[in-house]
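To start, I am sharing the structure in question, which I have written as structure tokens.
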Amino acid sequence: MTLASSRPRASRVEAPVSSPPVSSLSEIHPPRRSASRARPGEDAALRRAFFALDEGILLLDAELRLLLCNPAARRLLGWVGAPPKRGLGLAALLEHASALAADDRAKLRDHCAALRAGGAQPDPESDAKETWVVLHDLGARLCSLGRHGIVVSFPAGGENGEAALRDPLTGLGNRRAFQAALAAALARPTTEAALLLLDLDRFKHINDSLGHPVGDTLLRLVAKRLRASLRAGDILVRLGGDEFAVLLPRAEGADALAERLVDLLSRPYLVEGHLANIGVSIGIALAPADAVEGELLLRRADLALYAAKAAGRRRFCRFHPEMDARAQARQALETDLRRAVALGQFHLHYQPLLEVASGEVIGFEALLRWNHPTRGVVSPVEFIPLAEEIGLIVPIGEWVLRQACRTAATWPEPIGVAVNVSPMQFADSARLLRAVGEALASSGLPGSRLEIEITENVLLRDGAETLAILHDLRSLGVRIAMDDFGTGYSSLSQLRSFPFDKIKIDRSFVSQIEAGNGGREVVRAIAALGASLGMTVTVEGVETEAQASFVAASGGHQMQGYLISRPVPSEAVPALLAASPAPRRMVDISSPAK
Ligand code: C2E
Ligand code: MG
Ligand code: MG
């Protein structure tokens with residue numbers, strides 16, 4: 001259990017809430033600046049309103065002694081005993097607030113002291129400043145009245161209340177509390193601040209594999225570790241999901257803190273009997289160096305976070321101006337890509353697969369191309385990662401399936417087509433299955449002539465669900481190939497998880513065949529492994545005769561590469577087939593071609 005959940009919530013604390021007798025009002029009423037200014041009846045009306053407010057209010061003088069405290073404040077603070085007397089010091093006052101944890105009290109004290117110090121301006125009347133303090137169970141708004149003191153208000157429940165500012169899972173402030181805190185922190189142009197955006201690495205994996213309750217507990221543990229690493233005055237919130245933010249009231253030391261957090265959060269967690277390993281990526285932006293305005297600071301910290309993730313996660317990155325330029329280029333690419341989908345600027349190229357034993361072309365791999373209006377043909381390596389990130393890969397992938405099947409249906413039997421399917425398409429397995437079924441049905445291509453190529457990342461997703469859909473695809477007669485074999489993290493264990501029909505040995509190994517630094521051994525070993533598991537072994541990226549001879553001698557069943565042909569437009573396929581000896585059959589899974 002975390003600190004936050006073990007402490008009574010303010011709203012649950014039973015505290016005396018009745019209004020004090022009117023005689024005691026004089027004890028806590030502030031001295032009027034000019035009695036003559038009050039109109040008849042106004043004073044009494046103001047008092048009534050003050051006591052009737054749902055919002056808790058503490059009015060402190062410039063020495064941080066109590067002037068006024070309304071019943072709502074006593075209720076929200078969990079005040080025990082008789083109403084506090086005017087003149088009581090803030091520290092003593094907070095000691096009676098049973099709803100506040102010790103660090104909440106310290107935080108409030110520190111913020112009030114800071115506001116008071118900052119409030120000693122030449123013209124305090126015109127320099128009212130406010131700041132938000134996020135406590136465990138409450139949000140507090142501190143407003144400086146200059147030499148007249150400070151108003152501390154605690155919003156009641158509802159739209160603007162404590163619940164609206166709090167993340168119920170971790171007890172930290174939420175995104176809304178953060179925005180208020182950020183705006184308040186940056187209100188003065190001279191403010192120095194550091195914003196750290198944190199995104200947990202591999203959290204989704206824990207959630208998927210160990211379940212959401214374990215994921216929730218893990219998030220609470222993360223919040224606890226974070227809380228323990230911060231100083232009073234630092235603001236910590238959970239922005240949502242596995243994202244947290246830290247706002248430091250200083251720019252100095254942000255890197256050191258980020259480094260410490262990367263180390264601290266990467267240490268193993270014991271969660272309900274499971275050992276969980278996660279990491280964290282952190283993006284940092286500083287005020288005023290990187291931005292003086294909240295939204296821009298947030299965006300720049302986010303760009304830095306993106307860079308930290310792209311650089312391999314488990315690290316922090318500071319914002320650099322060139323990240324802006326990169327983001328703009330990416331934004332432009334995204335706009336173009338969305339337009340490309342709408343305008344149908346894609347087409348497919350087809351690269352032949354050669355059967356080693358017969359020397360026949362037995363099928364083609366469909367490879368996506370984008371005819372960019374100004375950049376010409378853009379490689380999928382450039383735009384597929386972005387399409388995956390923004391979800392466009394799903395409609396694009398469906399178009400590829402339809403188009404590839406329609407084209408392959410015009411080829412002589414049994415020439416087949418292989419289509420690359422992105423891990424993102426597996427997120428909605430029912431949709432993928434439907435797309436494959438419809439592509440086959442509308443083209444009339446038999447399932448046996450379609451091969452789906454997946455990468456190892458597909459299996460890193462929800463394992464059980466992915467395996468189920470692979471089996472469903474199989475039941476349509478479709479074959480499943482593992483692409484780029486050997487480049488992922490856990491190739492061998494994945495081979496056991498699903499009876500793939502084919503493995504495609506990645507080009508990176510083939511290119512090392514002639515270099516004599518282990519490439520030959522790897523290709524030979526994988527070919528033997530695939531064959532012994534009854535899988536067809538295809539070798540990708542064959543560019544030279546020497547590589548082709550080696551692949552043939554190593555027992556590879558099929559090869560693909562520039563030596564045979566580069567990917568070609570569909571119009572060139574008939575010529576390639578005409579040049580190849582007539583194919584006798586498709587790849588036989590049960591006894592792969594030798
Ligand atoms: P992949 O599926 O491994 O496709 C093979 C890539 O290697 C293709 O690059 C192909 O042109 C290239 N290649 C083939 N033979 C040789 C060779 O001898 N030497 C060299 N240097 N390269 C060779 P391409 O077309 O640029 O595609 C790159 C990757 O983009 C593909 O790798 C695949 O992962 C992805 N991709 C392509 N089309 C699609 C698609 O429709 N959907 C999805 N999700 N991904 C696609
Ligand atoms: Mg492929
Ligand atoms: Mg490949």
Side-chain angles (χ1 to χ4, degrees), residues 333 336-337 340-341 344-355 361-372 375-388 392-411 415-426 432 435-436 439 443 445 449-458 478-485 487 501-508 510-511 536 538-543 558-577 579-580 587:
L333 184 67
D336 285 359
L337 195 56
V341 172
Q345 291 172 349
F346 299 107
H347 68 276
L348 295 179
H349 275 188
Y350 296 90
Q351 187 177 34
L353 286 140
L354 192 84
E355 190 180 56
V361 171
I362 48 90
F364 292 82
E365 177 174 5
L367 294 161
L368 188 58
R369 299 291 178 261
W370 173 15
N371 304 318
H372 191 280
R375 293 169 59 189
V377 178
V378 184
S379 153
V381 185
E382 277 185 60
F383 68 85
I384 284 188
L386 179 62
E388 287 179 331
L392 274 184
I393 194 66
V394 174
I396 295 176
E398 288 172 352
W399 176 85
V400 173
L401 275 166
R402 278 196 306 277
Q403 186 63 28
C405 289
R406 196 182 305 151
T407 304
T410 67
W411 299 337
I415 303 291
V417 71
V419 173
N420 294 284
V421 171
S422 156
M424 299 303 293
Q425 291 175 264
F426 279 81
L432 175 59
V436 172
S443 63
L445 187 78
R449 287 172 64 190
L450 174 65
E451 195 161 80
I452 297 288
E453 294 192 5
I454 64 170
T455 55
E456 295 167 52
N457 297 342
V458 169
V478 174
R479 287 190 313 274
I480 310 293
M482 179 179 278
D483 204 355
D484 305 340
F485 184 77
T487 56
D501 299 296
K502 174 189 279 191
I503 50 180
K504 298 185 77 172
I505 302 180
D506 192 67
R507 191 170 82 220
S508 55
V510 181
S511 61
T536 301
T538 298
V539 181
E540 295 188 276
V542 176
E543 293 183 352
Q558 298 176 358
M559 57 177 110
Q560 180 181 356
Y562 293 171
L563 179 70
I564 297 125
S565 166
R566 286 182 177 257
V568 296
S570 61
E571 305 82 63
V573 166
L576 274 175
L577 285 174
S580 156
V587 188

* Asked: Roughly how far apart are Met424 CE and Leu392 CG, rounded to 0.5 Å?
  -> 11.0 Å
* **Where Ile480 and Asp501 come nearest, the two heavy atoms and their spacing** =>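 Closest approach of Ile480 to Asp501: N-OD2, 2.6 Å.
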* **Close side-chain approach of Ile384 to Ser422, heavy-atom, < 4.5 Å** => no
* Indicate the atoms forming the closest heavy-atom contact of Val510 with Gly541, along with that distance. =>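 What the structure gives for the nearest pair is CG1-O, 3.8 Å.
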* Asked: Atom NE2 in His347, atom CD in Gln403: separation rounded to 0.5 Å?
  ->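 Going from NE2 on His347 over to CD on Gln403, the span is 10.5 Å.
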* Asked: Tell me, do Val436 and Val421 make a side-chain contact under 4.5 Å, heavy atoms counted?
  -> no
Mind listing the side-chain donor-acceptor pairs of residues 561-570 below 3.5 Å, one per line with the distance, residues two or more places apart or on another chain?
none

* Flag, side chain of Thr407 to backbone of Ala404, donor-acceptor distance under 3.5 Å ->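 No: the side chain of Thr407 does not pair with the backbone of Ala404.
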* **Interatomic distance, Ile454 atom CD1 to Met482 atom CE [nearest 0.5 angstrom]** => 5.5 Å
* **Point-to-point distance, once rounded to the nearest 0.5 Å, from CD of Glu540 to CG of Asp483** => 4.5 Å
* Asked: Going through the distances and angles, do Val417 and Leu450 end up as a side chain to side chain contact (heavy atoms under 4.5 Å, CB included)?
  -> CA-CA 5 Å; Val417 71; Leu450 174 65; 3.9 Å; yes
* Asked: With under 30° as parallel and over 60° as perpendicular, where do the rings of Trp399 and Phe346 fit, or are they tilted in between?
  -> tilted
* Starting from the C-alpha separation in whole Å, work towards a yes-or-no answer on side chain to side chain contact (heavy atoms under 4.5 Å, CB included) for Asp484 and Glu453. => CA-CA 9 Å; Asp484 305 340; Glu453 294 192 5; over 6 Å; no
* What closest approach, in Å, do Lys502 and Gln558 show between heavy atoms, and which atom pair accounts for it? ->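 Smallest heavy-atom distance, with atoms named: NZ-OE1, 2.8 Å.
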Just distance, no hydrogens or angles: give the donor-acceptor pairs under 3.5 Å from side chains in residues 361-369, sequence neighbours left out.
residue : atom : partner : partner atom : Å
Glu365  : OE1  : Lys504  : NZ           : 2.9
Glu365  : OE1  : Gln560  : NE2          : 2.7
Glu365  : OE2  : Asn420  : ND2          : 2.8

* Specify the closest pair of heavy atoms between Cys405 and Ala439, including all atoms of both residues, with the distance to one decimal. =>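 Reported closest heavy-atom pair: CB-O, 3.6 Å.
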* Structure fact -> For Leu333 and Glu382 the tightest heavy-atom approach is CD2-O, 4.0 Å
* Asked: When you look at Glu451 and Thr536, which way does the side chain to side chain contact (heavy atoms under 4.5 Å, CB included) test go after all the steps?
  -> CA-CA 12 Å; Glu451 195 161 80; Thr536 301; over 6 Å; no
* Which residues satisfy the side-chain hydrogen bond (donor to acceptor under 3.5 Å, both in side chains) test with Ser379, sequence neighbours excluded? -> none
* Asked: In terms of ring plane angle, is the pair Phe383 and Trp370 parallel, tilted or perpendicular, where the classes change at 30° and 60°?
  -> perpendicular
* **Between CG on residue Leu445 and CD1 on residue Ile415, distance to nearest 0.5 Å** => 11.5 Å
* Pro423 and Glu388: which non-hydrogen atoms are nearest, and at how many Å? -> CD-OE2, 3.8 Å
* Structure fact -> d(Met559 CE, Ile505 CD1) to nearest 0.5 Å is 11.0 Å
